[in-house]
Every structure is written in structure tokens, then in C-alpha cells.
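Labels below follow one simple rule: chain letters A, B, ... track the order of the sequence lines, proteins then strands, and each chain is numbered from 1. Since the structure is predicted, the reported quantities are computational estimates derived from the model, not experimental observations.
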Amino acid sequence: MTLKEVINQIRQLVNQALMDLQYDNIEYDVSEPPKTDFGDLTTNIAFLLSKRIHKKPNEIARELVYNSINYQLKKIGKHSLILNANAHISGHINFNINYTSFNNFLLKLFKQNKSLIPNIGDNNKIVIEHTSVNPNKALHIGHIRNVIIGDSLYRLFKLTNHKTIVLNYIDDSGVQVADLIVAFKFADFSSDNIKKKIKFDQYCGEIYVKMNELYNNNLELIEKRKLIIKEIEQGNTELAQFTNYIVDKIVKQQLESCWRIKSRYDLLVIESQILLSKLWEKTFHLLKEKNIIYYSTTGKNVNCWVLRDEQNEEKVVIRSDGTVTYIAKDISFAVWKLNLVDDPFTYTKFSLQWDKSILWKTILKSENTNTHLNPIEIFFMEKRPNKVITIIDSRQERLQKIISRVISDIDPSTNRYVYLGYETVALSSNSVHDIGMKLDNINKKIIHMSGRKGIFINADTILDELHSKASYEVKKRNPDFDDTTINEIAEGIAVSAIRYNLLRQDLDKMITFDMKEALNLDGDTSLYLQYSFARAMRIIEKGDGSLGEFYNINNDKIRCDLLNHHIERDLIKEISKFNIIIEESLNTLNPKILTKYANKLCTRFNSFYENIPVLGAEVILKLSRLMLVKIFVNVLANLFEILGIESFPRI
RNA sequence: GGGCUCAUAGUUCAGUUUGGAUAGAAUGGCUGCCUGCGGAGCAGUUGGUCGUGGGUUCAAAUCCCUCUGAGCCCGCCA
């Protein structure tokens with residue numbers, strides 16, 4: 001029983017009232033009013049009805065309340081979840097919760113040791129692709145937005161009992177990687193960074209910038225690049241092997257950064273393997289069969305295979321020289337993700353991850369392939385994924401929409417392919433200045449990041465700065481902590497701060513990254529949540545010492561009805577929204593909702609903390625309040641799990 | 001030229017899907033509160049013609065249109 005049940009009961013009351021008074025049953029809203037003075041919940045039914053029949057909203061509201069709802073409430077009696085209903089002069093019908101009976105849900109949860117997480121996944125299968133950064137540079141703050149959105153959604157699906165796997169696409173056969181190989185093989189750059197004291201991926205990022213400057217007056221190098229791309233596609237040459245070696249090394253370094261912010265994956269999908277797998281040939285066959293593409297004999301696309309499109313936005317999938325375009329590769333990747341063709345891959349272990357899970361990578365099936373099935377093969381064999389979510393920034397929106405359309409042409413029955421876009425991260429003029437770059441136009445307030453031009457701030461740089469600031473502050477407040485503990489907490493603060501910061505705003509809004517702002521740890525930040533957690537844990541620790549065990553208070557003495565201060569009620573009501581919030585963020589694929597909720601929940605708790613004594617209260621009240629604190633901690637811990645925020649009993 | 005997105009307090013952002021009550025947070029400024037369960041906190045105060053102009057409606061930040069400003073996308077590149 002949570003707020004959802006209260007809402008349901010209100011709907012029952014209103015529906016019955018509509019029947020009693022012979023009004024049409026129409027869609028209406030039950031939600032929280034803007035001010036608490038108006039009550040706990042409100043409905044707009046009177047306004048909607050007044051649109052149909054010519055009567056004032058206020059009259060309808062009064063009629064519904066006085067001629068039906070009040071009688072119903074009387075009948076249900078004192079165990080009702082609704083205390084009363086009021087017809088407001090404006091036309092709103094407001095309801096107050098009967099907290100005496102409502103609060104009992106806390107005790108029920110507590111006794112049954114139940115989590116509030118709704119089990120709505122029903123083992124549905126979800127595929128999420130995120131990160132997918134070209135393996136030629138280190139991750140910058142813009143890439144991190146992608147990683148955090150993807151990883152938080154993964155955690156959300158996982159916790160609500162969906163079978164979920166996470167893909168990271170490694171484009172090892174494009175120009176970006178080829179640029180690096182040209183640098184190492186034909187332009188005298190060393191592929192060894194032993195002398196430099198930076199990570200290999202960062203080192204490569206720097207070379208990539210220098211290489212692009214070199215191209216300007218060296219056309220021969222561009223020819224070399226073409227050669228390299230061809231060799232990578234063919235595989236098996238010495239150059240291809242060297243490329244594999246470099247890409248492997250960079251991917252491992254990139255993953256270090258991803259793992260540092262507590263993201264994890266199940267499978268690396270390697271583009272060169274896709275090219276060798278004949279997956280495109282199968283997809284091509286499918287597209288021809290479904291009449292989605294045709295061979296153009298006239299016009300600008302003469303001798304090409306093209307996607308049909310009525311709006312005259314046809315896209316070439318096979319060039320006149322027979323080679324495959326970028327979108328064609330993307331379509332075949334999508335076809336594979338949705339399991340619309342036979343899986344040409346088998347999977348081999350790439351690495352162990354921080355959460356002890358195995359990260360796999362694609363390799364081609366061959367005769368001596370082990371017959372023993374691994375978890376990835378099993379995932380794709382059982383049944384098709386219910387949903388495939390691809391997370392890429394909004395610059396790819398047009399392309400992704402075309403892919404979605406092609407997919408629904410192939411498989412019209414379902415809508416399984418979901419593109420989740422988000423706006424990019426740009427740098428504030430201050431931060432551009434900080435990294436020693438100059439803005440072209442002094443009037444520009446922001447500048448977009450560019451790996452090629454060297455305009456970016458690496459993810460690790462930001463984390464390091466946050467870490468060192470947090471470390472200083474933790475030490476100041478906890479002089480008794482040893483260095484290991486301080487480091488651990490500082491890292492937890494830094495990682496959580498980045499995650500929360502990038503998650504808390506709308507996906508369709510560009511983030512202007514500013515180092516100074518990012519280092520601020522006051523107000524609406526993850527630290528506010530972590531601090532609330534530590535405060536609650538401190539009460540529990542001093543209260544009955546059952547740190548880490550949430551459900552071992554003597555249940556029989558607890559009286560939920562004593563938790564009737566308006567501050568306690570506010571906290572309880574907030575807690576009771578947890579499952580609604582989870583469902584909403586899941587349905588809208590919007591993790592931001594969870595950050596807003598977490599902040600509100602902690603605001604309620606901090607108000608409780610400042611105003612309502614727990615340990616100093618008389619014994620029954622103390623036990624009851626202690627229970628409330630423990631449930632708060634439990635809910636918050638669940639939110640932390642989804643948002644990837646680390647919790648510490650002391651901070 | 002065509003398409004998409006955004007514009008709300010000095011600043012960073014909620015609220016727009018589904019119109020409804022006095023437009024909310026955070027931060028900054030100002031003012032209180034630590035011998036009390038941790039002051040990285042709490043309470044208060046300051047601050048907004050919701051980009052412009054029109055339309056629909058009993059009612060518009062929210063829906064429709066115009067214009068302005070910002071950003072992105074539109075290749076036989078990836």
C-alpha cells in the first residue's frame with residue numbers, strides 16, 4: 001500500500017460518484033495540488049465535466065462531493081485511506097489522506113522486509129547500447145553524459161527485474177582509428193608512451209589532434225589512410241593486427257574511465273568483426289526481399305542501391321563502387337540487435353569488471369568454436385529482445401529515425417527499436433580558457449567540444465579535481481580517518497557528483513560544462529543526498545546499533561499512528577511515492593525524474609532531522625521514528641543503486 | 001533553402017506530454033540557528049512583463065500561428 005493505492009481509492013470514489021449522478025465516465029487526473037493547504041491530492045474532474053455540460057465547475061464539484069463522495073466515505077468508515085473530500089470554490093476537488101490508517105503501510109513493509117521496488121520487468125528482455133566512443137582517444141565530459149544515461153537506465157531496468165544486457169560498439173575500422181595508425185606507421189609518432197606520464201588513451205587523443213594538423217599540408221598521408229582502412233576491412237594483414245593491438249589497448253583504457261564512474265557492460269561489439277561476419281549480406285538480402293531498397297539507374301544516385309523514401313530523402317546504402325555506407329552498417333547492426341537474422345557471432349571473454357561480471361566481445365563462429373554456450377549466446381537465443389535502446393546524442397537523430405523506419409518496415413508488428421537522444425555537452429568560456437584554448441569569437445558564450453581540434457576536458461581530469469577537493473574536505477571533517485578511507489570516500493563523492501550532475505537535467509537540453517560549477521558541492525548535488533544518508537545512519541547507529549540491518553526492531557511496540565507531525569507525514573508521503581516514480585522514469589526513459597525525487601526525499605528527511613527528535617523521544621515514539629528512519633535509508637539506498645551514487649555511513 | 005531542438009529569478013535549472021488554485025528549487029546577496037541525532041545542514045528574506053506579438057479558452061509558462069535569438073542535422077564522409 002503506497003500513494004498509488006490512495007490514488008486508486010480516489011478514482012473509485014469519483015467513478016462511483018459519476019455513476020450515481022449519471023455523468024459520463026471520462027478520463028481525468030488525480031495528482032498532488034501545488035500547495036499543501038489544498039490537501040494531499042486533487043482531481044480536475046469538475047473542469048472536464050463542465051466542458052461537456054453547461055454547468056460551473058464549482059457546482060459540479062459540490063454536487064459530486066455532497067451528493068455521493070461524502071456518503072461513500074461514511075460507508076467505508078474510519079479505515080478508509082481518505083479522511084475527507086472538499087469541493088474548493090475554484091472547482092478542484094481536494095482530498096486529505098487518513099494518515100492513521102495510511103501510515104500502517106510502513107509497518108507492513110517493515111515486517112515483511114519488503115523493498116518498495118516494483119517488480120514490473122517480468123523478465124522482459126532489454127538491450128541497451130551506450131558509450132560507443134571511437135577507440136582513438138580518451139573519454140571527455142560529453143561522452144560521460146552518454147555513459148551515465150545508459151548505465152542509469154541499465155540499473156533501472158535491472159532492479160525492476162528486466163533481463164538486461166549492455167552493448168558498447170567499438171568502431172575499429174573507421175577513419176578516426178585509421179588516423180592514429182597513419183600517425184604511428186607513417187608520420188613518426190611513437191606508439192609507445194612510456195616516457196609520458198599520461199594514460200595511453202589520452203596520449204593517443206593528443207596525437208590525433210596533431211595528426212589532423214599534419215593532414216593540412218601532406219596529401220600523401222591521406223592516401224595512406226585509405227590504404228589502412230582497406231586493410232583493416234580485409235583483416236589478417238600485419239597492419240590489421242597492429243590496429244587490433246592499438247585498439248585493444250585504447251579500449252581497455254577507455255573502460256578504466258567508464259568503470260571508474262561505476263558503469264559496466266556485457267558485450268563489446270567490434271565493427272571489423274561485423275564486416276567480416278557477412279551480417280551485411282544477410283541484411284542486404286532482407287532489405288531487397290522486403291522491397292525497402294532498390295537499384296537506382298538514373299539521377300544523382302545512378303548505379304547505387306538506395307533506401308526508398310517518399311519524401312525524397314533517399315539514402316545510398318551501397319555506393320556505385322560496391323562499398324557499403326555508414327548507414328548500411330548501422331542498419332545491419334540494428335538488425336542484429338533485434339535478432340532479426342541468425343547470429344553470426346560467438347563470444348569470448350574480454351575482461352573482468354569492477355562488479356565481478358565478465359565483459360564479452362564478439363568473434364566469428366568457426367569450426368573449432370566451443371559448443372559450450374556462454375551467457376550472451378543464451379540471451380540472444382531464447383527469444384527476441386522486447387526492446388532495444390540505442391543511446392546516441394541528438395546529432396544522430398535524423399539517421400536514427402531512418403533506421404527506426406527501416407526496422408519497422410522489416411518487422412511491422414512491433415515497435416522494439418528505440419532511439420534515445422540527448423543534447424551534447426559544451427564548454428563554458430571560462431572552462432575553455434582554463435584548458436588554454438582561445439575562442440574564435442570572443443562574444444561566444446559556449447564552445448562545442450572537438451576531439452579533432454583538441455577542444456575537450458577529459459573525464460579523468462574532472463574526476464581527479466573533484467577527488468582532490470573532496471579529499472581535503474573529508475579530512476577536515478574527519479581527522480580520525482586514515483588515508484585509505486579518505487581516498488575511498490573522496491572517490492565516492494567525486495564519481496557520484498559527476499553522475500548526478502549530468503543526470504539531473506533534461507535530455508533535450510544542452511549542458512554547458514563549467515569546471516568551477518562542477519566542483520561546487522552545495523545545494524542540489526549528490527553530496528546533499530550522501531550527507532542525508534550519513535545523518536540517518538548516525539541515528540540508526542546510536543539508536544539501536546543495528547547498522548546495516550534494517551528490520552530488526554521489536555515490531556510489536558511500533559505505533560505508526562504516532563508519526564503524525566506534519567513534518568513526519570510529509571516524509572512518509574514522499575517515501576510512499578517511490579514506486580510511482582520508478583514506473584514513471586521507466587516508462588519515459590527519463591532518469592532525471594529519479595534525481596528530482598531523491599533530492600525532494602532528502603529535503604523532507606533533513607527537515608525531519610532538524611525538527612523531530614528521534615533518540616530523545618520516549619521509548620515507543622523512539623522505536624516508531626527509528627523505523628521511519630530505517631525505511632528512509634532503505635528507499636534512499638535503492639535510489640543510490642539506480643543512480644550509481646555511493647553511500648557511506650560517515651562522510 | 002528544408003528539417004529538428006531550446007528560450008522561465010543575477011546565474012544553473014524544474015514545471016510544458018494531459019491548460020486550472022498565489023509560477024517552484026538550487027545558487028548568489030542579506031538575516032537568524034551549533035554544550036542538542038553531524039552546520040557539506042535548517043529556517044527566513046531578496047529576486048520573474050515565463051524571448052516578442054497575436055490567436056483559441058471561463059482559464060495559457062503549458063495548445064495553435066508569427067517573429068527574434070541560440071544550437072544541431074540535411075554527402076556515393078564516418
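The aromatic ring of A/His92 stacks onto the base of B/A21, its centre lying under 5.5 Å from the centre of the six-membered base ring with the two planes under 30° apart.
Residues A/Phe38 and A/His88 place their aromatic rings such that the two centres sit under 6.0 Å apart.
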Taking N or O atoms only and anything under 3.5 Å, show me the protein contacts with nucleotides 45-49 of chain B, one pair per line.
none

Protein heavy-atom contacts under 4.0 Å, written 5' to 3' over nucleotides 71-78 of chain B as B (base), S (sugar-phosphate only) or - (none), form the string SSBS-BSB
Which nucleotides of nucleotides 36-41 of chain B have their base under 4.0 Å from a protein heavy atom (B), which only their sugar-phosphate (S), and which neither (-), written as one string 5' to 3'?
-BBSBB
Go through the steps for A/Asn303 and A/Thr297 under the test side-chain contact (heavy atoms from CB on, under 4.5 Å), then give the verdict.
CA-CA 6 Å; A/Asn303 298 333; A/Thr297 51; 5.8 Å; no
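We find the CG-CD1 distance between A/Leu521 and A/Ile493 to be 7.0 Å, quoted to the nearest 0.5 Å. Taking CZ from A/Arg625 and CG from A/Leu623, the interatomic distance works out to 11.5 Å, rounded to the nearest 0.5 Å.
Nucleic acid contact for A/Asn94: base, since at least one base atom lies under 4.0 Å from a heavy atom of the residue. A/Pro57 comes within 4.0 angstrom of nothing in the nucleic acid, heavy atoms only.
In terms of modelled atom types and a separation under 3.5 Å, the side chain of A/Asn212 and the main chain of A/Tyr208 share a donor-acceptor contact.
Positionally, the nearest nucleotide of RNA chain B for A/Ile511 lies more toward the 5' end than for the other of A/Ile511 and A/Ser607.
For B/A61, there is no paired base (Watson-Crick or G-U wobble, both distances below 3.5 Å). Checking B/U17 for Watson-Crick or G-U wobble geometry (two distances, each under 3.5 Å) identifies no partner in any strand. Look at B/G41: its Watson-Crick or wobble partner, with both distances under 3.5 angstrom, is B/C33.
Screening A/Asn84, A/Asp40, A/Asn86, A/Thr42 for a side-chain hydrogen bond (donor to acceptor under 3.5 Å, both in side chains) involving A/Asn94 leaves a single residue, A/Thr42.
Syn is the classification of B/C34, since its glycosidic angle stays within 90° of 0.
Ring geometry, A/Phe456 versus A/His140: the interplanar angle falls under 30°, so the pair is classed parallel (tilted spans 30 to 60°).
By the 4.0 Å N-to-carboxylate-O rule, A/Arg395 lies close enough to A/Asp393 to be salt-bridged with it.
Side chain of A/Thr42, nearest nucleotide from B/G24, B/A21, B/U5: B/A21.
Using a 4.0 Å cut-off, some side-chain N or O of A/Lys509 falls inside it from OP1 or OP2 of B/A7.
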